[in-house]
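Notes to accompany the following structure.
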Amino acid sequence: MNKASDVFKIKNRNGVVVTFIARGGQVIGIEVPDRDGQVDDVVIGYQSVEDALAGDGYFGAICGRYANRIVEGKFDLNGETIQLDCNNDKNHLHGGVDGFNNRVWEVKPNQEKRFSESYKLALVSPDGDQKYPGELKIEVVYGLTEENEFVIEYNAVSSKDTIINLTSHAYFNLEGAGKGTVEGHELEMNASKYTPISGVIGTVTGDIADVKGTAMDFVDTKTIGEAIASDDAQVALVDGIDHNFVIDGYDGNLRLAARLNDPVSGREMEVFTDQPGIQIYTGSHFDGTETGKLGSPIVKWAGVAMETQIFPDSPNKEHFPNAVLKAGETYNHTCVYKFI
Ligand code: GAL
């Protein structure tokens, strides 16, 4: 059995180091050299493992069983209405009060040649966990390649029909965590549509809207700051971006979803996924009261989360991708964060 505070590192020969802990599989650091070889930690978080355990439990964590929001925590499955526990106003967020981010995962070294180093994380979520049906057995591989790809592979099998949407919740700041905000970061998205939200609590309306002519248009690269500074009503609702984007050309194969670039350090990150959506969240709720890396306050817009996923509230939206995992079938999801 692992302890919550057990620390693991995966490294490659280029100086990239991913550090995570057993609790939540929380990625507490990713060290990446910049264009001059200077190494910085590019995920926001705390200065110690103790602070990470006591602080925001979503930082860098594996979220589930259903990441993102389910309106009023309710959905129908096989003719039965299931009421999940609600932990985000009257909605269910990131798997509930005791989500997978809060569990101690079983971590074992993984010997796969395609990775420089890798680990396998395992968790069993009992039948009825947070009111979800079925015992769910989850395995997640964290692997790092010599091409600077941090690969996250999820698979899961349930004993009964259930719903599932796992994701990883690191907030990136490619200049270096603690060095400022991501307003100057340039973002390009392979997404000509997104799912608008209906209010400050951020639940989706069910619409699939064109990004063209809105602040959400990152089809051509622009800075995150430009979107935040716009008077777009969707931005105003959440004081930034907290939206799911619909990945163009989704066909279940790995494809480029987004590219993030920091002109100051020259670091760039590409995000690949086989999922239909990606939630972009610019961390509007950080208020500077917590101390983060480099001893700096964790301020609003200090980092951007890029969470590959099925769309929010899919179990209640028939025209959204299917989030049902049938008993005995395998859920697969790959997300790759590639540092350039
Ligand atoms: C994000 C979500 C935000 C916020 C955050 C957790 O995935 O979109 O609204 O809840 O998680 O603090």
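All ligand and atom numbering here is 1-based and tracks the order in the structure.
A salt bridge does not link Lys193 to Asp248: none of the charged nitrogens lies less than 4.0 Å from a carboxylate oxygen. Look at Glu135 and Arg65 and you find no salt bridge, because none of the NZ, NE, NH1 or NH2 atoms lies under 4.0 Å from a carboxylate O. Ionic pairing of Lys11 and Glu117 is not present here: no N-O contact between side-chain nitrogen and carboxylate oxygen is shorter than 4.0 angstrom.
Among Gln309, Glu307, Gln279, the residue whose heavy atom lies nearest to atom 7 (O) of ligand 1 is Glu307. Between the choices Leu93, Asp242, Ile197, the shortest heavy-atom distance to atom 8 (O) of ligand 1 belongs to Asp242.
Heavy atoms of other residues, nucleotides or ligands lying less than 6.0 angstrom from NZ of Lys222 number more than 12.
For atom 10 (O) of ligand 1, the closest heavy atom belonging to the protein is Arg69 NH2, 3.2 Å. Nearest protein heavy-atom contact of atom 4 (C) of ligand 1 is Tyr281 CE2, 3.9 Å.
Close contacts of ligand 1 with His169, meaning ligand atoms under 4.0 Å from a residue heavy atom, involve 1 (C), 5 (C), 6 (C), 7 (O), 11 (O). Near His285, the atoms of ligand 1 lying under 4.0 angstrom from a non-hydrogen atom of the residue are 12 (O). Taking every non-hydrogen atom of Tyr58 and a distance limit under 4.0 Å, the qualifying atoms of ligand 1 come out as 6 (C), 12 (O).
Taking the six-membered ring for Trp and the full ring otherwise, the centers of Phe286 and Tyr171 sit less than 6.0 Å from each other.
Residue His185 forms a side chain to side chain contact (heavy atoms under 4.5 Å, CB included) with just one option from Thr223, Asn173, Asn261, and that option is Asn173.
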